[in-house]
Amino acid sequence: MEEEYSFNLTIPLADIEVVQKLLAEAKTRTPAMRVSRKTDRAEQARFYLSFPFSGTRPDLSFEKWFVVRKEKSWDLFGPTYGRWGLC
């Protein structure tokens with residue numbers, strides 16, 4: 001199993017294009033970041049963002065970078081610790 005830190009991002013559906021551009025930029029800054037789209041709920045788009053742990057915490061630099069760019073109506077929850085995959 002590999003360790004990871006993750007975030008849940010919830011945004012209004014109207015902001016989907018803006019967020020997808022920001023997440024693409026974040027992915028170029030942190031190539032190991034995995035992004036998956038969760039099921040939309042109540043006119044909100046939801047994303048799962050995970051950062052594999054490799055002796056450093058890239059999730060913390062992502063959080064600092066993203067928080068200054070996010071809209072007030074967006075909810076970034078995390079980071080949370082977890083494990084994924086098989087070794």
Rounded distance (nearest 0.5 Å) linking atom [atom1] of [X] with atom [atom2] of [Y]:
{"X": "Phe47", "Y": "Ile11", "atom1": "CZ", "atom2": "CD1", "result": "5.0 Å"}
{"X": "Asp75", "Y": "Leu9", "atom1": "CG", "atom2": "CG", "result": "8.0 Å"}
{"X": "Leu23", "Y": "Leu49", "atom1": "CG", "atom2": "CG", "result": "5.5 Å"}
{"X": "Asp15", "Y": "Gln44", "atom1": "CG", "atom2": "CD", "result": "9.0 Å"}

Between [X] and [Y], is any pair of side-chain heavy atoms under 4.5 Å apart?
{"X": "Arg29", "Y": "Trp65", "value": "yes"}
{"X": "Phe66", "Y": "Glu63", "value": "no"}
{"X": "Glu4", "Y": "Phe53", "value": "no"}

**Prompt:** Minimum heavy-atom separation for Trp74 to Arg69, with atom names?
**Reply:** CZ3-O, 4.2 Å
**Asked** Do any N or O atoms from the side chain of Thr30 and from the backbone of Lys27 form a donor-acceptor pair under 3.5 angstrom?
**Response** no
**Asked** Phe62 and Phe7: aromatic ring centres closer than 6.0 Å?
**Response** yes
**Prompt:** Are the aromatic rings of Tyr5 and Phe51 close, with centres under 6.0 Å apart?
**Reply:** no
**Message:** Can you list everything that forms a salt bridge (charged side-chain N to carboxylate O under 4.0 Å, His left out) with Arg46? Sequence neighbours excluded, please.
**Reply:** none
